[in-house]
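Below is one structure, written out as structure tokens; comments come after it.
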2 protein chains.
Amino acid sequence: MAISKPAVPPRIPCQQCPLRPRPSFRDFTDDELDFVASFKVAETPAEPGMAIMVEGERNPSLYTVMSGWGFRYKILEDGRRQILNYVLPGDMIGLQGNVMKEMQHSVEALTRMTLCTFERERFPQLFRSQPTLAFDITWIAAREESMLDEHLLSVGRRSAYERAAYLLAFLDARAQAAIASHTELRQLPLTQQHVADTLGLSLVHTNKTLRKLMDQGLVRWLDRGCEIIDAAGLYRAAEWRPPKEGARPFI
Amino acid sequence: MAISKPAVPPRIPCQQCPLRPRPSFRDFTDDELDFVASFKVAETPAEPGMAIMVEGERNPSLYTVMSGWGFRYKILEDGRRQILNYVLPGDMIGLQGNVMKEMQHSVEALTRMTLCTFERERFPQLFRSQPTLAFDITWIAAREESMLDEHLLSVGRRSAYERAAYLLAFLDARAQAAIASHTELRQLPLTQQHVADTLGLSLVHTNKTLRKLMDQGLVRWLDRGCEIIDAAGLYRAAEWRPPKEGARPFI
DNA sequence: CGTTTCGTTGAAGTTATTCAAGCCGGGTGG
DNA sequence: CCACCCGGCTTGAATAACTTCAACGAAACG
């Protein structure tokens, strides 16, 4: 009698990836898709609050987010935490570990996530045999840098009110591009503590600042997240325009 | 009579690049060196205060710093400026422009600089024919990201005193690796305004904070820059350790 | 020898942090 | 069912950190 296997979650072949058809991602050739498919070794779920990657780790896995939200962060010895950026569907996690000796930041799941795991060992092969994918990796790294530049400007030079408006507008814009095909509810799955740790503010002050945004009718705070009511108003409050990116690659 | 040409600065062939022998840079194969040499089209000087790159620019040049200091920054409409990072010998400038449509930040020379200019059009060829160099480009982008992460942590979560100590320690460590073969004077060519715009603080508060570092005997302020007296003391004040990187690539 | 750039300082005012509660909804165990 | 607890949000008050304003000194420059 055949031994019944534990239920394996259905593994989606890259060729039928639900993300690819979305307008914000660039089309891949069959050859590229085949390589990516052969590069993928597993599909891993992650629960909210789970550590996906830990600072100091060596040879971490290389992932792409298929669904869900997460965030990258660093902490000082005494526990002060700075959230560096968020990861959304289509984003890579762990690229740094393939390039540096050890991870310089941690990653945690914000919602339930599904991650595509890739084979680290074949990473050099990607550079040898797939120059356009190699270029895409550079593209992805440059995009991350550009987001970090924007955050640094924000944390360094914007007022608390502008900063908060910027962050929510920025996340809304990313969510629109990466997730929402036809806009469902525009809501961001964060607590005010996450916002505080992203903006470099205390929780109390963050709360009072968000209240102002709510009083202006720009956002609403829900159970465990925030709903964007007036995205254009947020843009104005932050003196920010979302960069209009062309179709982006994702591995 | 022959028309006397303007003095052309001697152009250094990449094979005899004064930077390459330094211990912090990785060795290149002859093949790689030949490619880089053929990739280089000019050697450009830049004077202090000169704009090397401007936000919004399309198709900017691609450079590597051969000598001198510069910095990357962004400004808000009302003039508030945030310095994002500094560029030192061996660093690339303008990579973003080869990947995104337009530059998202500006770059300015801090001291007199010499820049090696590369041929943008051959950038795709680099990915096709030189996979290890392509990997190096990704390496460089990942290193920049890692520095930005560190800065964001600093600006978001460290106190003014820690931030200042961190910045000076960080720049000293980079200067040691990139410039000083046998430690000359460990001095950084910045004004207090630059420090303020990097830390996200006002000039006045920066001045008072730097004074504390001076009173502790950690640094000394000179004409138009700062001399590092006690690097280990700065590390301690910032709760920071310089990451020990292996030999790094540079194009 | 005036002008500009850079560093310095005191004082007043604003912004943000810390401390200390309290509220509300959901989940758990008695 | 209710009591309790816990995580997340909210609020007021005291304090600390940081900014702004205003001014001055000193070196560098043309």
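Here is how names work: the chains are called A, B, and so on, in the same order as the sequence lines, proteins then strands, and each is numbered from 1. Computed from a predicted structure; not experimentally measured.
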Only counting residues at least two apart or in another chain, list the ones meeting salt bridge (charged side-chain N to carboxylate O under 4.0 Å, His left out) with [X].
X        : answer
A/Glu162 : B/Arg80
B/Arg112 : B/Glu47
B/Glu227 : B/Arg220
A/Arg72  : A/Glu144, B/Glu145, B/Asp149

Going by side-chain contact (heavy atoms from CB on, under 4.5 Å), name the residues that satisfy it together with [X], two or more places apart in sequence or in a different chain.
X        : value
B/Ala165 : B/Leu213, B/Leu234, B/Ala237, B/Ala238
B/Ser67  : B/Thr114
B/Val155 : A/Leu152, A/Val155, B/Arg163

Within this structure, what is the [atom1]-to-[atom2] distance between [X] and [N], rounded to whole angstrom?
X        : N      : atom1 : atom2 : answer
B/Tyr161 : D/dC18 : OH    : P     : 13 Å
B/Leu188 : C/dC6  : CG    : P     : 16 Å
B/Asp197 : C/dG7  : CG    : P     : 12 Å
B/Arg220 : C/dC6  : CZ    : P     : 20 Å
A/Trp221 : C/dG25 : CH2   : P     : 18 Å
A/Leu213 : D/dT10 : CG    : P     : 12 Å

Name each donor-acceptor pair under 3.5 Å that joins a side chain in residues 50-59 of chain A to protein atoms two or more places apart or in another chain, with its distance.
unit_1: A/Glu57; atom_1: OE1; unit_2: A/Val54; atom_2: N; d: 3.4
unit_1: A/Arg58; atom_1: NH2; unit_2: A/Glu102; atom_2: OE1; d: 3.4
unit_1: A/Asn59; atom_1: OD1; unit_2: A/Arg120; atom_2: NH2; d: 3.4

Short side-chain N/O contact from [X] to OP1 or OP2 of [N], under 4.0 Å:
X        : N      : answer
A/Arg211 : D/dT10 : yes
A/Gln192 : D/dT10 : yes
B/Asn207 : C/dG7  : no
A/Gln193 : D/dC9  : no

What protein N or O atoms touch nucleotides 23-30 of chain D N or O atoms at under 3.5 angstrom, if any, and at what distances?
none

Measure all distances between protein nitrogen or oxygen atoms and nitrogen or oxygen atoms of nucleotides 17-19 of chain C, and list the pairs falling under 3.5 Å.
unit_1: C/dT17; atom_1: OP1; unit_2: A/Ser202; atom_2: N; d: 3.1
unit_1: C/dT17; atom_1: OP2; unit_2: A/Ser202; atom_2: N; d: 2.9
unit_1: C/dT17; atom_1: OP2; unit_2: A/Ser202; atom_2: OG; d: 2.8

* Could you tell me whether a side-chain N or O of B/Ser24 sits under 3.5 Å from a main-chain N or O of B/Ala177, the two making a donor and an acceptor? =>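 Side chain of B/Ser24 to backbone of B/Ala177, a donor-acceptor pair under 3.5 Å: yes, one is there.
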* Roughly how far, to the nearest 0.5 Å, is the CD1 atom of A/Ile83 from the CG atom of B/Leu153? ->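 B/Leu153 atom CG to A/Ile83 atom CD1 measures 12.0 Å (nearest 0.5 Å).
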* Determine to 10° how strongly the helix from C/dC1-D/dG30 to C/dG30-D/dC1 is bent, judged from the axes of its five-pair ends. =>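 Rounded value for the end-axis angle: 30°.
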Please tabulate, one pair per line, all N/O donor-acceptor pairs under 3.5 Å involving side-chain atoms of residues 194-204 of chain B, not counting sequence neighbours.
unit_1: B/His194; atom_1: ND1; unit_2: B/Thr191; atom_2: N; d: 3.1
unit_1: B/His194; atom_1: ND1; unit_2: B/Thr191; atom_2: OG1; d: 3.0
unit_1: B/Asp197; atom_1: OD1; unit_2: A/Arg157; atom_2: NH2; d: 2.7
unit_1: B/Asp197; atom_1: OD1; unit_2: B/Gln193; atom_2: NE2; d: 3.3
unit_1: B/Asp197; atom_1: OD2; unit_2: B/Arg81; atom_2: NE; d: 2.7
unit_1: B/Asp197; atom_1: OD2; unit_2: B/Arg81; atom_2: NH2; d: 3.0
unit_1: B/Thr198; atom_1: OG1; unit_2: B/Tyr86; atom_2: OH; d: 2.6
unit_1: B/Thr198; atom_1: OG1; unit_2: B/His194; atom_2: O; d: 2.7
unit_1: B/Ser202; atom_1: OG; unit_2: B/His205; atom_2: N; d: 3.2

